[in-house]
Peer 1: 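Supplied in structure tokens, the structure appears directly below.
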Amino acid sequence: MTNKKILLSGVKPTGRPHIGNYFGAMKQFVDLQDEYEARVFIADYHAITTVQNAEELSRSTMDVALDYLAIGVDPSKTLLFKQSDVPEVCELGWIFNCITTMPYLMRAHAYKDAEAKNKEINVGLFDYPILMAADILIQDADAVPVGQDQKQHVEYARDIAEKFNRVFGDTFKLPNPYILEHVKIIPGTDGQKMSKSHGNTIPLFATDEEIKKAVMGIPTNSQGVDEPKNPELDHVFALHKHFADKDEIAEIERRYREGGMGYKESKDILISNITRFIAPLREKRKEFEKDEESVKKMLKENGAKAREIAITKMSQIKRSVGL
Ligand code: ADP
Ligand code: TRP
């Protein structure tokens, strides 16, 4: 046990991560793993709200573990585990269900979006924020690094902790979202928030070809090379901000405003910067891919440790409730 604050976050195994996931959330897991007592997991229970194929789920789960390792999540510093190795979160989720109202859950953005799009909404999707609250609160998390789109979910966890404490007595810490202003919404190739569901992503481990294709596909207006351009209105420039250093960004901005920088040149610079950034990550991932058995073993051992923490907390919770 240390005096460090507890950091907890997770990512669902639902397809390839993109640079929005990386800058918005995953990078913080790496940057904060010394300062905090870090616990990071693969949200496989959450994934079954959408992934309902055993082979796909277990493959994606291993993929997320490899992704975490490749970006630098270090299992000697961070407790890296699979959500389903801690089944107590489902037990706690039930208790939270009983102190949460339907209208409150109906105000969740994810639910409202799904409803607005007339999607078929399973009970798991509706109850998603409850399970997420259980993930967070069972680990006594102080800080939860996520992108802006998950802020409401962390606030739900905080509300649920407050409600529980009020009803059953002081049991939970109140967690805070950890969101960095400049990366809270990374734009995709169409200028909207980058998201797997919008088809506008640049995968974090993209091949050189994929990077080229994604950047070349960014829509631009028809202004010629010499015309002055407003960088703030351009989707290519929006991405430069995350891949170029300060001086280079200033120089690109100057040439946009003065005229002389065409979109083709701007895209070529972006391709080269993204490629330089992604290539070493891709290489690192290949190293970890060679030994998936060790990764499985590490997840199992860490899962057992995370579960032990959860079981201890659960006995306190059950006492509070009278179970
Ligand atoms: P997606 O929207 O692509 O399905 P996930 O829901 O799997 O992404 O998100 C995983 C993590 O990445 C969450 O913490 C989420 O807030 C963050 N995230 C996702 N997209 C972005 C983005 N465009 N900008 C910043 N953070 C993001
Ligand atoms: N909902 C998060 C996402 O879509 C994943 C997640 C599940 C999570 N449980 C969590 C994130 C607990 C932080 C803390 O990305």
Peer 1: For a quick test of reading the model, state the closest non-hydrogen atom pair linking Ile278 to Pro203 and the distance between them.
Peer 2: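 Heavy-atom minimum between the residues: CD1-O, 3.5 Å.
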Peer 1: Run the numbers on Lys241 and Glu232 for salt bridge (Lys or Arg N to Asp or Glu O under 4.0 Å), then give the verdict.
Peer 2: CA-CA 11 Å; Lys241 287 186 184 164; Glu232 296 311 327; 3.3 Å; yes
Peer 1: Test Ile269 against Met261 for side-chain contact (heavy atoms from CB on, under 4.5 Å), laying out the working first.
Peer 2: CA-CA 11 Å; Ile269 297 171; Met261 165 77 84; 3.9 Å; yes
Peer 1: I need the Ile130 CD1 to Asn97 CG distance, nearest 0.5 Å.
Peer 2: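 One gets 5.0 Å once the value is rounded to the nearest 0.5 Å.
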Peer 1: Among Val144, Leu8, Leu7, exactly one meets side chain to side chain contact (heavy atoms under 4.5 Å, CB included) together with Gln139. Which residue is that?
Peer 2: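 Considering Val144, Leu8, Leu7, a side chain to side chain contact (heavy atoms under 4.5 Å, CB included) with Gln139 is found only for Leu8.
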Peer 1: Between Tyr68 (side chain) and Pro75 (backbone), is there a donor-acceptor pair under 3.5 Å?
Peer 2: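 A pair under 3.5 Å: no.
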Peer 1: Do other residues, nucleotides or ligands put more than 12 heavy atoms under 6.0 Å from the NZ atom of Lys267?
Peer 2: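 Yes, because the 6.0 Å sphere around NZ of Lys267 holds more than 12 heavy atoms from other groups.
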Peer 1: Could you check, using the six-membered ring where one of them is a Trp, whether Phe243 and Phe23 have ring centers closer than 6.0 angstrom?
Peer 2: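 Ring-ring flag for Phe243/Phe23: true, centres closer than 6.0 Å.
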Peer 1: Classify the ring geometry of Phe168 against Phe164: parallel below 30°, tilted from 30° to 60°, perpendicular beyond 60°.
Peer 2: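 Geometry flag for Phe164 against Phe168: tilted rings.
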Peer 1: Look only at the side chain of Asp226 and the backbone of Gly259, and say whether a donor-acceptor pair between them is shorter than 3.5 Å.
Peer 2: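 No, the answer is negative, given that no donor and acceptor are paired below the 3.5 Å cut-off.
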Peer 1: What distance separates Asn200 CG from Ile218 CD1, expressed to the nearest 0.5 Å?
Peer 2: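 Reported to 0.5 Å precision, the distance equals 10.0 Å.
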Peer 1: Starting from the C-alpha separation in whole Å, work towards a yes-or-no answer on salt bridge (Lys or Arg N to Asp or Glu O under 4.0 Å) for Asp85 and Lys300.
Peer 2: CA-CA 8 Å; Asp85 282 335; Lys300 222 183 172 71; over 6 Å; no
Peer 1: Is there a side-chain contact between Tyr22 and Ile186, using heavy atoms and a 4.5 Å cut-off?
Peer 2: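 Sidechains of Ile186 and Tyr22: no contact.
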Peer 1: Working note: Val11 + Asn21, criterion side-chain contact (heavy atoms from CB on, under 4.5 Å); need CA distance, chi angles, decisive distance, verdict.
Peer 2: CA-CA 9 Å; Val11 170; Asn21 301 138; 5.6 Å; no
Peer 1: Please report the shortest heavy-atom distance between Val295 and Ala65, naming the atom on each side.
Peer 2: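 Closest heavy-atom pair between Val295 and Ala65: CG1-CB, 3.8 Å.
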Peer 1: Within the 4.5 Å heavy-atom criterion, are Met132 and Ile136 side-chain neighbours or not?
Peer 2: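 SC-SC contact between Met132 and Ile136 confirmed.
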Peer 1: Tell me, which pairs form a side-chain hydrogen bond (donor to acceptor under 3.5 Å, both in side chains) where one or both residues lie in residues 302-311, sequence neighbours left out?
Peer 2: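 Non-adjacent pairs meeting side-chain hydrogen bond (donor to acceptor under 3.5 Å, both in side chains): Glu88-Arg307.
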Peer 1: Is it the case that more than 12 heavy atoms not belonging to Lys196 sit under 6.0 Å from its NZ atom?
Peer 2: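 It does: Lys196 NZ has more than 12 such atoms within range.
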Peer 1: Within a radius of less than 6.0 Å around NZ of Lys229, do more than 12 heavy atoms belonging to other residues, nucleotides or ligands occur?
Peer 2: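 Yes, the 6.0 Å shell around NZ holds more than 12 heavy atoms from other groups.
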Peer 1: Tell me, do His153 and Val146 make a side-chain contact under 4.5 Å, heavy atoms counted?
Peer 2: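 Of all side-chain heavy-atom pairs linking Val146 with His153, none is under 4.5 Å.
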Peer 1: Yes or no on salt bridge (Lys or Arg N to Asp or Glu O under 4.0 Å) for Arg59 and Glu55, after CA distance, side-chain angles and deciding distance?
Peer 2: CA-CA 6 Å; Arg59 185 61 247 165; Glu55 221 171 288; over 6 Å; no
Peer 1: For the backbone of Tyr128 and the side chain of His46, can you confirm whether one donor and one acceptor N or O come within less than 3.5 Å of each other?
Peer 2: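 Side chain of His46 to backbone of Tyr128, a donor-acceptor pair under 3.5 Å: yes, one is there.
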Peer 1: When you compare the side chains of Ser320 and Thr171, does any donor N or O come within less than 3.5 Å of an acceptor on the partner?
Peer 2: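 Thr171 and Ser320 do have a side-chain donor-acceptor pair below 3.5 Å.
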Peer 1: Might you point out which heavy atoms bring Arg16 and Phe205 nearest each other, and give the distance in Å?
Peer 2: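 Taking Arg16 first and Phe205 second, the nearest heavy atoms are NH2-O, 3.6 Å.
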Peer 1: Going from NZ on Lys163 to OG1 on Thr100, what distance comes out if it is rounded to the nearest 0.5 angstrom?
Peer 2: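 With rounding to 0.5 Å, NZ (Lys163) is 6.5 Å from OG1 (Thr100).
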Peer 1: Any heavy-atom pair between the side chains of Val321 and Ile95 that's under 4.5 Å?
Peer 2: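 Result yes, sub-4.5 Å side-chain heavy-atom pair found.
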Peer 1: Short question: side chain of Asp44, backbone of Ser84 - any donor-acceptor pair under 3.5 Å?
Peer 2: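 Judged by distance alone, yes, a pair lies under 3.5 Å.
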Peer 1: Going from CG on Leu270 to OG1 on Thr275, what distance comes out if it is rounded to the nearest 0.5 angstrom?
Peer 2: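 Here the rounded value is 8.5 Å.
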Peer 1: Could you give me the CA-CA distance, side-chain angles and deciding distance for Ile211 and Phe277, then say whether side-chain contact (heavy atoms from CB on, under 4.5 Å) is met?
Peer 2: CA-CA 11 Å; Ile211 297 169; Phe277 167 77; over 6 Å; no
Peer 1: Within the distance-only criterion (no hydrogens, no angle test), does the side chain of Glu248 pair as donor or acceptor with the backbone N or O of His240 below 3.5 angstrom?
Peer 2: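 The answer is no, because no donor-acceptor pair under 3.5 Å joins these two groups.
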Peer 1: Determine the minimum heavy-atom distance between Ala244 and Ile249, stating which atoms define it.
Peer 2: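 Where Ala244 meets Ile249 most closely, the heavy atoms are O-CD1, 3.4 Å.
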Peer 1: Locate the shortest heavy-atom distance separating Tyr178 from Ala143; write the atom from each residue and the value.
Peer 2: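 Looking at all heavy atoms of both residues, the shortest contact is CB-CB, 4.4 Å.
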Peer 1: Could you check whether Lys151 and Gln148, counting side-chain N and O atoms only, form a donor-acceptor pair closer than 3.5 Å?
Peer 2: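 Gln148 vs Lys151: no donor-acceptor pair found between side chains.
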Peer 1: Do you reckon Leu131 sits in the same ILVMFWY cluster as Met106, going by side-chain contacts under 4.5 Å, direct or chained?
Peer 2: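 Yes, Leu131 connects to Met106 through the hydrophobic network.
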Peer 1: Could you state the interatomic distance from NZ (Lys77) to CG (Leu32), rounded to the nearest 0.5 Å?
Peer 2: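 Between atom NZ of Lys77 and atom CG of Leu32 there are 12.0 Å.
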Peer 1: Is the closest side-chain donor-acceptor distance between Tyr263 and Asn221 under 3.5 Å?
Peer 2: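 Yes, Asn221 and Tyr263 have a side-chain donor paired with an acceptor closer than 3.5 Å.
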Peer 1: Say whether Ile309 and Ile311 are linked into one hydrophobic cluster, either directly or through other cluster members, by side-chain heavy-atom distances under 4.5 angstrom.
Peer 2: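 In one cluster with Ile309: Ile311, no.
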Peer 1: Could you tell me whether the side chain of Phe29 reaches within less than 4.5 Å of the side chain of Leu80, counting heavy atoms only?
Peer 2: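 They are not in contact (no side-chain heavy atoms under 4.5 Å apart), so the answer is no.
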Peer 1: Indicate whether the side chain of Asp135 and that of Tyr45 have a donor and an acceptor atom separated by less than 3.5 Å.
Peer 2: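 There is no such pair (donor and acceptor under 3.5 Å, judged by atom type) between the side chains of Asp135 and Tyr45.
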Peer 1: Take a 6.0 Å sphere around CD of Gln52 and say whether it holds more than 12 heavy atoms from other residues, nucleotides or ligands.
Peer 2: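 Yes, because the 6.0 Å sphere around CD of Gln52 holds more than 12 heavy atoms from other groups.
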Peer 1: Below 4.5 Å, heavy atoms only, C-beta onward: do Leu105 and Pro129 meet side chain to side chain?
Peer 2: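 Leu105 reaches Pro129 side chain to side chain.
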Peer 1: Walk me through it: do Met314 and Ile138 pass the test side-chain contact (heavy atoms from CB on, under 4.5 Å)?
Peer 2: CA-CA 7 Å; Met314 209 52 218; Ile138 210 165; 4.0 Å; yes
Peer 1: Check Glu283, Glu287, Glu289 against Arg285 for a salt bridge (charged side-chain N to carboxylate O under 4.0 Å, His left out) and give me the one that passes.
Peer 2: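 Testing Arg285 for a salt bridge (charged side-chain N to carboxylate O under 4.0 Å, His left out) against Glu283, Glu287, Glu289 leaves exactly one candidate, Glu289.
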Peer 1: So Phe172 and Lys313, do their side chains get closer than 4.5 Å, heavy atoms only?
Peer 2: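 With C-beta onward as the side chain, the pair touches.
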Peer 1: Could you tabulate the donor-acceptor pairs under 3.5 Å formed by side-chain atoms of residues 110-117, not counting sequence neighbours?
Peer 2:
unit_1	atom_1	unit_2	atom_2	d
Tyr111	OH	Glu115	OE2	3.3

Peer 1: Has Lys4 got more than 12 heavy atoms of other residues, nucleotides or ligands less than 6.0 Å from its NZ?
Peer 2: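 More than 12 within 6.0 Å, yes.
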Peer 1: Determine whether a donor-acceptor pair (N or O, by modelled atom type, separation under 3.5 Å) exists between the side chain of Asp63 and the backbone of Pro13.
Peer 2: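 Not at all, since once roles are kept as given, no pair shorter than 3.5 Å links the two residues.
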Peer 1: Please name the pair of heavy atoms, one in Glu253 and one in Pro231, separated by the smallest distance, quoted to 0.1 Å.
Peer 2: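 Closest approach of Glu253 to Pro231, heavy atoms only: CG-CG, 4.0 Å.
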Peer 1: Examine distances only and state if a side-chain atom of Thr78 and a backbone atom of Ala38 form a donor-acceptor pair shorter than 3.5 Å.
Peer 2: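 Between the backbone of Ala38 and the side chain of Thr78 there is no qualifying donor-acceptor contact (under 3.5 Å).
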Peer 1: I'd like to know if the side chain of Ser60 reaches the main chain of Leu57, judged simply by a donor and an acceptor atom lying under 3.5 Å from each other, with no hydrogens or angles considered.
Peer 2: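 Checking the backbone N and O of Leu57 against the side chain of Ser60, no donor-acceptor pair under 3.5 Å is found.
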Peer 1: Do the side chain of Arg257 and the main chain of Pro228 share a donor and acceptor less than 3.5 angstrom apart?
Peer 2: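 Side chain of Arg257 to backbone of Pro228: no pair is present.
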Peer 1: Does Arg158 form a salt bridge (Lys or Arg N to Asp or Glu O under 4.0 Å) with Glu162? I'd like the steps, not just the answer.
Peer 2: CA-CA 6 Å; Arg158 197 180 161 93; Glu162 276 183 324; 5.1 Å; no
Peer 1: Membership question, hydrophobic clusters at under 4.5 Å side-chain separation (ILVMFWY): are Val30 and Leu66 in the same one?
Peer 2: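 Both belong to a single hydrophobic cluster.
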Peer 1: Does any non-hydrogen side-chain atom of Val154 lie less than 4.5 Å from one of Ile179?
Peer 2: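 Ile179 vs Val154: side chains apart.
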